[in-house]
Number of protein chains: 2
Amino acid sequence: MPFPVPPPSHANCTGAMRSVRDALDLLGGKWKLPIIVGLSNGPQRFKQLQREVAGITAKMLSKELKELEINGLITRQVDAATVPVAVTYTLAAYGNTLFPVIEALHAWGREHRIRIMHSGETTAPKASRVVEVVA
Amino acid sequence: MPFPVPPPSHANCTGAMRSVRDALDLLGGKWKLPIIVGLSNGPQRFKQLQREVAGITAKMLSKELKELEINGLITRQVDAATVPVAVTYTLAAYGNTLFPVIEALHAWGREHRIRIMHSGETTAPKASRVVEVVA
DNA sequence: CCGTATCCTCATCGATACTG
DNA sequence: CAGTATCGATGAGGATACGG
């Protein structure tokens with residue numbers, strides 16, 4: 001039983017895989033990780049964050065922040081006292097529970113890049129788009 | 001320094017995040033995981049695999065298998081002796097190195113689902129599309 | 001059986017302009 | 001500053017048909 005598939009019968013892998021898919025969906029996309037990392041350096045205003053996450057548009061930032069907030073990973077505070085209003089985003093404590101996940105992805109990805117680059121030097125399945133080996 | 005961001009300066013998060021993005025890209029998409037899980041039950045012929053991974057088209061299966069093979073996660077063997085040819089796909093030993101990653105995603109996703117369902121029962125940010133809470 | 005070729009739909013993301 | 005609205009490009013993924 002190599003992978004987290006509860007019953008010997010492989011019929012309902014769906015159940016076991018839903019959790020993985022959930023996590024993947026939450027971290028997937030182009031901007032979720034950069035935003036989380038950006039906020040891991042401390043609370044940020046909207047515009048600050050946009051500068052930090054280089055290349056993101058206001059539309060995407062707004063949309064992604066909404067999803068992250070709904071999932072409890074970040075917190076949104078509005079200071080209406082100022083003019084114009086100031087909005088601060090903070091990585092919620094719950095956001096730190098992602099650390100092991102990100103660490104696992106990071107560790108594997110790093111090793112994989114090394115492996116792919118080495119196999120490219122020797123002889124291996126031709127890598128047309130292995131994983132975007134840049135340099 | 002909460003997350004794997006090497007220098008105190010947050011300027012070049014890109015380097016640290018590339019590995020994560022690589023891993024995410026490799027596991028992302030709709031079919032990668034189901035295929036890997038399917039093959040974790042043992043070697044499979046193309047058609048067998050297509051039946052096991054319910055809903056996938058031949059086109060997608062072919063495409064995904066190619067990517068997985070290029071990245072060394074699976075192996076492709078052709079038995080040209082038979083008519084018609086028989087092709088067998090096997091989860092490579094290297095494929096098992098993904099286990100910790102999948103396990104981390106699985107563990108977090110499971111806890112998150114529980115958390116979201118609970119917060120939905122009490123009072124929390126309205127979840128319009130929290131993470132597709134089905135039931 | 002093992003795929004590939006074509007065409008199509010739809011979600012994601014970017015660019016730009018605009019409001020409170 | 002903190003977003004929203006609108007349009008357009010792009011790519012993932014599906015349906016169907018066909019070839020080796």
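Below, read A as the first sequence line, B as the second, and so on, with proteins coming before strands; counting in each chain starts at 1.
Nearer the 5' end of DNA chain C, as judged by each residue's closest nucleotide, is the contact made by A:Gly55, out of A:Pro84 and A:Gly55. Where A:Val87 and B:Lys63 each meet DNA chain D at their nearest nucleotide, the meeting point lying more 5' is that of A:Val87.
For C:dG14, the base has a donor-acceptor partner in the side chain of A:Lys59 [N/O atoms by modelled type, under 3.5 angstrom].
Counting only distance, with no hydrogens or angles, the side chain of B:Gln48 and the backbone of B:Arg45 share a donor-acceptor pair below 3.5 Å. At distances below 3.5 Å, not a single donor-acceptor pair connects side-chain atoms of B:Glu52 with backbone N or O atoms of B:Leu49. In this structure, the side chain of A:Thr97 engages the main chain of A:Tyr94 through a donor-acceptor pair within 3.5 Å.
To the nearest angstrom, P of D:dG3 lies 11 Å from CD of A:Gln50. Rounded to an integer number of Å, the gap from A:Gln44 CD to D:dA2 C1' is 15 Å. Computed from coordinates, the A:Gln77 CD to D:dA2 P distance equals 13 Å when rounded to whole Å. Whole-Å rounding puts the A:Ile35 CD1 to C:dC13 C1' distance at 13 Å. What separates CD of B:Glu64 from P of D:dG13 is a distance of 6 Å, to the nearest Å. Atom pair A:Ile56:CD1 and C:dA15:P shows a separation of 12 Å (rounding to whole Å applied). When rounded to the nearest whole Å, the span between NZ of A:Lys30 and P of D:dG11 equals 11 Å. Between the CZ atom of B:Arg45 and the C1' atom of C:dC2 there is a distance of 9 Å, rounded to whole Å.
Closest approach to the B:Thr57 side chain among D:dC1, D:dA15, C:dG14 is made by D:dA15 (side chain taken as heavy atoms from C-beta onward). Out of C:dG14, C:dA5, D:dA2, the shortest distance to the side chain of A:Met60 is found at C:dG14. Minimum atom distance to the side chain of A:Ser62 is reached by D:dG3, of the listed D:dG13, D:dG3, C:dT4. The nucleotide whose nearest atom lies closest to any side-chain atom of A:Trp31 is, among C:dC13, D:dA15, C:dG20, C:dC13. Side-chain proximity of A:Lys47 to C:dC13, D:dA2, D:dG14: nearest is D:dA2.
Of the side-chain N and O atoms in A:Lys32, none sit less than 4.0 angstrom from OP1 or OP2 of C:dC13. Contact annotation: B:Tyr89 reaches the phosphate of C:dG3 (side-chain N/O to OP1 or OP2, under 4.0 Å). Between A:Arg51 and D:dA2 there is no side-chain polar atom (N or O) within less than 4.0 angstrom of OP1 or OP2.
Across every non-hydrogen atom of A:Leu24 and B:Leu27, the tightest pair is CD2-O, 3.7 Å.
Between the side chains of B:His112 and A:Asn71, at least one donor N or O lies within less than 3.5 Å of an accepting N or O.
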Item to check | side-chain contact (heavy atoms from CB on, under 4.5 Å) evaluation trace for B:Tyr89 with B:Arg76 | outcome: CA-CA 5 Å; B:Tyr89 293 91; B:Arg76 180 178 188 267; 3.1 Å; yes

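With the 3.5 Å cutoff on both pairing distances, Watson-Crick and G-U pairs in DNA chain D assemble into runs of at least 3 at C:3-20 with D:1-18.
Salt bridge absent: B:Lys30 and B:Glu64 never bring a charged side-chain N and a carboxylate O closer than 4.0 Å.
B:Pro43 meets the side-chain contact (heavy atoms from CB on, under 4.5 Å) test with B:Thr88, B:Thr90; sequence neighbours excluded.
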